[in-house]
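Accompanying notes for the structure given below.
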Amino acid sequence: MSKEKQNIITLSSDDGDIEVEVIDQTIVEGTTYLLVADLVTDEDEEGDCYILKDVSKPDSELAAYEVVSDEEADGIFDIFENMLKDEVKLEKE
């Protein structure tokens with residue numbers, strides 16, 4: 001498996017499946033958060049990013065994530081922004 005493909009995950013919901021790229025992850029107070037972005041095929045195109053929170057049950061074989069609330073996203077976004085300040089330009093909407 002190529003390194004590029006390792007950063008791609010499939011998110012499944014009632015609305016269908018989408019593939020996103022994992023940009024980074026962090027753990028805050030024992031909870032894992034992922035910063036993921038839309039797959040962008042054109043270098044000049046900008047994509048949206050989302051912060052997902054790991055809500056998996058300890059005995060589950062599959063990971064479960066949910067998009068964080070706006071309030072929770074603010075603090076976690078600042079952490080990711082600080083971690084990636086020299087690599088990726090992140091902007092809040």
Side-chain angles (χ1 to χ4, degrees):
M1 181 181 286
S2 71
K3 183 178 179 190
E4 279 184 24
K5 197 63 174 166
Q6 291 177 356
N7 292 332
I8 306 300
I9 60 173
T10 301
L11 302 176
S12 299
S13 72
D14 294 339
D15 297 328
D17 295 349
I18 61 166
E19 287 189 330
V20 294
E21 179 179 7
V22 177
I23 305 300
D24 212 337
Q25 89 172 38
T26 191
I27 299 173
V28 177
E29 296 180 6
T31 301
T32 300
Y33 295 89
L34 298 179
L35 177 66
V36 301
D38 296 330
L39 292 180
V40 177
T41 55
D42 181 356
E43 287 185 23
D44 294 330
E45 187 179 344
E46 293 182 4
D48 290 327
C49 66
Y50 311 93
I51 299 173
L52 304 178
K53 177 180 184 175
D54 186 349
V55 293
S56 305
K57 297 192 189 289
D59 58 343
S60 177
E61 291 183 23
L62 294 175
Y65 290 91
E66 64 183 31
V67 177
V68 298
S69 67
D70 288 343
E71 290 175 5
E72 189 175 12
D74 285 339
I76 304 301
F77 181 87
D78 291 342
I79 292 169
F80 281 121
E81 187 175 41
N82 211 15
M83 291 169 54
L84 298 167
K85 64 184 171 192
D86 296 329
E87 299 172 42
V88 177
K89 181 180 178 186
L90 300 175
E91 295 178 5
K92 291 182 185 177
E93 284 190 357

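Throughout, residue positions are numbered sequentially from 1 according to the sequence presented. All values below were derived from every heavy atom in this structure, side-chain atoms included, with hydrogens, water molecules and symmetry-related copies excluded.
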Could you verify whether a donor N or O on one side chain and an acceptor N or O on the other, from Asp17 and Thr10, lie under 3.5 Å apart?
no
Any non-hydrogen side-chain atom of [X] less than 4.5 Å from a side-chain atom of [Y]?
{"X": "Val55", "Y": "Tyr65", "answer": "no"}
{"X": "Val68", "Y": "Leu52", "answer": "no"}
{"X": "Asp54", "Y": "Leu34", "answer": "no"}
{"X": "Leu35", "Y": "Phe77", "answer": "no"}
{"X": "Thr32", "Y": "Gln25", "answer": "yes"}
{"X": "Val20", "Y": "Ile8", "answer": "no"}
{"X": "Tyr33", "Y": "Ile27", "answer": "no"}
{"X": "Met83", "Y": "Thr26", "answer": "yes"}

Might you work through the side-chain contact (heavy atoms from CB on, under 4.5 Å) test for Lys53 and Thr31, ending with a clear yes or no?
CA-CA 7 Å; Lys53 177 180 184 175; Thr31 301; 3.7 Å; yes
Rounding to 0.5 Å, atoms CD1 (Ile79) and CD1 (Ile51) come to a distance of 9.0 Å
When rounded to the nearest 0.5 Å, the distance separating CD1 of Ile18 from OG of Ser13 is 7.0 Å
Any donor-acceptor N/O pair, Ser56 side chain to Ala64 backbone, under 3.5 Å
yes
